[in-house]
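What you see is a predicted model, and the numbers here were worked out from it, not measured in a lab. No hydrogens, no waters, no symmetry mates; every other heavy atom, side chains included, goes into these values.
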Amino acid sequence: MIMAVVKGKQLESLIASQVLSSEAGVMAINSETSYRLDFDDSASTPLSPSSSFSVSSIGNIEQSFIDALMLCQWDNILGPRLEHVWYVTGRPQPHTNILRCVTRQVLSGEINRDLQSSQVDFKFCDIPGLGVIIPAFIFSAQSSTGLSLQSLALVIPNSELTLYLHQVDLIHAWFNRIVVKLRVLSTKKDFGTSGLADLSCWLWSCMDMLSSLQEVGLPPKIELSYTAFHPNHAQELEFLRKVVSSHLMTYGRTVVIGVRADKVNVLVYTLGLFCWDSERLCSRAALSGRNWPYFQDLCVQGCIKSSDGSSSICSRDVLCSRYPSTLVDVDLQTVTQSSLAVDHRKLSHQALTEELKELYQGQEGYHKGPEGAFPAVTVQESLVRDLIDEIHKLPPENGVREAYIGHFMHTLQRRAFSLIKYLEGEWHPTGATNRPSTKRMRQDLGLQLEGDFRIVMATADKMKPGLYQYVLSDRRYDSEYLPNMADVF
């Protein structure tokens with residue numbers, strides 16, 4: 001845990017302790033017996049000056065399903081206390097009584113939590129009587145009175161529950177990173193001024209990311225006429241093969257950049273055909289006139305270059321994402337990857353640690369990481385090559401090509417499932433250090449080409465996280481990065 005004074009090597013060890021883990025719990029509250037919407041706290045109990053909270057707004061957000069965000073804190077005298085509220089411009093503002101009820105509910109039952117723990121817990125509250133759902137992240141951080149229990153919570157109308165569930169993993173990834181940076185900011189004396197401004201900026205970026213999904217998110221069903229498999233948008237076959245194969249190797253995470261939105265979107269919609277349904281709901285196309293930056297953990301996204309030909313992609317954001325990413329430049333016809341999947345966890349840990357160090361030293365934003373250091377895709381594969389050859393032999397009418405791609409994705413998942421069952425048969429609980437022979441496994445499963453093996457391994461790892469590291473990780477990093485295979489199997 002980062003304390004108020006950090007010196008020398010303490011900074012490195014304490015920042016490294018900010019390893020995120022979450023435990024989800026769902027709590028439903030019957031507001032008719034617990035809290036009444038028409039109950040007015042101030043009418044029965046006068047509020048002291050210490051019970052007041054500050055307010056700010058998050059503006060310039062086109063579309064949002066979140067009404068407000070809250071920063072709460074446990075006070076040893078007042079109990080659960082609301083510190084700050086961010087109202088989203090254009091959305092209904094929850095009543096103060098609702099905010100106070102939410103504050104009490106979010107922090108209730110957390111008094112016995114170990115404040116020295118660096119863990120970030122997740123709590124989900126459903127309050128039907130108030131018409132809201134509350135996802136909340138519980139953590140310990142420094143305050144004006146010392147180490148205290150705090151929470152960052154979202155106020156979402158009940159009617160938006162389905163949309164929230166579609167994007168819940170994306171929201172968790174963003175807020176986990178925000179909470180870790182917030183804990184570093186809270187150790188500074190000026191948190192109430194510049195620290196709160198930095199936090200507001202991060203929350204605005206998250207809201208802008210969610211808004212972009214509402215504006216130009218990919219539809220559940222993609223028409224072939226929007227993709228590179230239609231004769232009107234034909235692409236060079238070798239370039240298209242590299243784009244699709246690299247997309248599948250990097251867990252379906254790809255960013256497409258270019259000067260013209262229409263050219264970018266052809267590849268965005270093409271890759272959307274190779275996404276799972278849940279991934280398509282966390283992807284977006286490019287929009288002319290909107291130079292969105294790279295957004296962490298989106299599945300497929302299109303970005304427009306600036307007038308000088310540069311792109312607003314921060315390599316550190318790419319490395320801090322949960323999975324490696326493919327970067328496609330439609331103008332230069334280049335395909336690169338942020339890292340190999342087997343190295344990404346280590347590189348992500350290092351990138352986040354450097355970010356926290358710079359934040360603590362007041363140098364955030366001055367170092368963006370190794371720009372232009374991403375390797376090009378050169379591995380050989382046959383799965384996507386054969387698919388593209390066969391697709392172009394089929395007629396583009398009547399949904400034939402779309403159905404064939406759907407069959408390919410289903411077959412890919414079945415091959416990944418076969419790999420999982422193969423590893424389950426090879427794994428022995430008594431031999432924790434024994435790993436299957438990669439060479440023999442590739443021969444048995446018909447995955448001799450490196451690209452085919454990476455594609456199937458990435459698909460299998462999405463189905464059972466941890467397999468990639470278990471099979472291919474460097475043994476030097478096993479104790480720090482390798483998951484417990486007893487939990488995987």
*With a 4.5 Å limit on heavy-atom distance, are the side chains of L69 and V155 in contact?*
no
_Let me confirm one number: the NZ-CG distance from K357 to L352, rounded to the nearest 0.5 Å._
11.5 Å
*Once you round to the nearest 0.5 Å, how far does OG of S54 lie from CG of L196?*
6.0 Å
*Taking S338 for the side chain and S325 for the main chain, is one N or O donor matched with an acceptor at less than 3.5 Å?*
yes
*With sequence neighbours excluded, what pairs up with I133 under the side chain to side chain contact (heavy atoms under 4.5 Å, CB included) test?*
F124, D126, I156, N158, L161, Y164
*Hey, is the main chain of E62 close enough, under 3.5 Å, to the side chain of Q214 for a donor-acceptor pair?*
no
_From CA spacing to verdict: side-chain hydrogen bond (donor to acceptor under 3.5 Å, both in side chains), Y294, S321_ = CA-CA 11 Å; Y294 170 85; S321 297; 3.0 Å; yes
*For L147 and L115, which heavy atoms make the closest approach, and how far apart are they?*
CD2-O, 3.3 Å
*Determine the minimum heavy-atom distance between A341 and Q469, stating which atoms define it.*
O-NE2, 3.5 Å
_Please check this pair: side chain of W74 against backbone of R81, looking for a donor-acceptor N/O pair closer than 3.5 Å._
no
_I'd like to know whether CZ of F295 has more than 12 heavy-atom contacts from other residues, nucleotides or ligands below 6.0 angstrom._
yes
*Are I257 and V264 close enough, and set up right, to give a side chain to side chain contact (heavy atoms under 4.5 Å, CB included), and what steps lead you there?*
CA-CA 6 Å; I257 60 175; V264 169; 5.9 Å; no
*Do S56 and H84 pass the side-chain hydrogen bond (donor to acceptor under 3.5 Å, both in side chains) test, and can you show the C-alpha distance, the side-chain angles, and the key distance before you say yes or no?*
CA-CA 8 Å; S56 60; H84 191 86; 2.7 Å; yes
*Look at the side chain of S117 and the backbone N and O of D114, then say whether any donor-acceptor pair between them is shorter than 3.5 Å.*
no
*Quick one: are Q337 and P324 in side-chain contact, heavy atoms under 4.5 Å?*
no
*With sequence neighbours left out, what residues match E279 under salt bridge (charged side-chain N to carboxylate O under 4.0 Å, His left out)?*
R253, K462
*For the pair T270 (side chain) and V266 (backbone), establish whether a donor and an acceptor sit closer than 3.5 Å, ignoring hydrogens and angles.*
yes
*State, to 0.1 Å, how close A460 and A416 come at their nearest heavy-atom pair, and which atoms those are.*
N-CB, 3.6 Å
*Are any of the side-chain heavy atoms of L248 and T459 separated by less than 4.5 Å?*
no
*Between S57 and W86, does a side-chain hydrogen bond (donor to acceptor under 3.5 Å, both in side chains) hold up when you go through it step by step?*
CA-CA 5 Å; S57 62; W86 293 267; over 6 Å; no
*For the atom pair CG (L271) and SG (C299), what is the distance rounded to the nearest 0.5 Å?*
11.5 Å
*Side chain proximity check, F65 to T162, heavy atoms < 4.5 angstrom*: no
*asked:* For W204 versus G59, what's the shortest heavy-atom pair and its separation?
replied: NE1-O, 2.8 Å
*Non-hydrogen atoms of C282 and L213 that approach each other most closely*: C-CD2, 3.9 Å
_Using a 3.5 Å distance criterion without hydrogens, assess whether the side chain of R183 forms a donor-acceptor pair with backbone atoms of S118._
yes
_Pairing residues for Y323 by the ring pair (Phe, Tyr, Trp, His ring centres under 6.0 Å) criterion, not counting sequence neighbours_ = Y251
*Any chance you could measure Q105, atom CD, to I98, atom CD1, to the nearest 0.5 Å?*
14.0 Å
_Rounded distance (nearest 0.5 Å) linking atom CG of L419 with atom CE of M457_ = 6.0 Å
*asked:* Less than 4.5 Å apart, side chain to side chain, heavy atoms only: is that true for R177 and C320?
replied: yes
_Quick check against the 3.5 Å criterion: does S211 have a side-chain atom that pairs as donor or acceptor with the backbone of Q63?_
yes
*Is there a side-chain hydrogen bond (donor to acceptor under 3.5 Å, both in side chains) between H344 and S339 once you walk through the steps?*
CA-CA 6 Å; H344 183 74; S339 65; 3.3 Å; yes
*Please name all residues satisfying salt bridge (charged side-chain N to carboxylate O under 4.0 Å, His left out) with D208, sequence neighbours left out, ordered by chain then number.*
R290
*Below 4.0 angstrom, N of the basic side chain to O of the carboxylate: do D67 and R91 qualify?*
yes
_Electrostatic pair D277:R280 at N-O distance under 4.0 angstrom_ = yes
*Passes side chain to side chain contact (heavy atoms under 4.5 Å, CB included), L467 versus L423? Steps please.*
CA-CA 9 Å; L467 289 183; L423 291 175; 3.9 Å; yes
_For Y87, is the OH atom crowded, meaning more than 12 foreign heavy atoms sit under 6.0 Å from it?_
yes
*asked:* Rounded at 0.5 Å granularity, tell me how far CG in L170 sits from OG in S278.
replied: 11.5 Å
_Whether the side chain of Q296 engages the backbone of W174 through a donor-acceptor N/O pair (distance < 3.5 Å, no angle test) should be reported._
no
*Is there a donor-acceptor pair under 3.5 Å between the side chain of K181 and the backbone N or O of L356?*
no
*What residues form a salt bridge (charged side-chain N to carboxylate O under 4.0 Å, His left out) with R454, not counting sequence neighbours?*
E450
*Under 3.5 Å, side chain of N176 to main-chain N/O of H172, donor-acceptor pair present?*
yes
*So among L182, L203, L82, which one has a side-chain contact (heavy atoms from CB on, under 4.5 Å) with L71?*
L182
*Residues in salt bridge (charged side-chain N to carboxylate O under 4.0 Å, His left out) with D329, at least two apart?*
K305
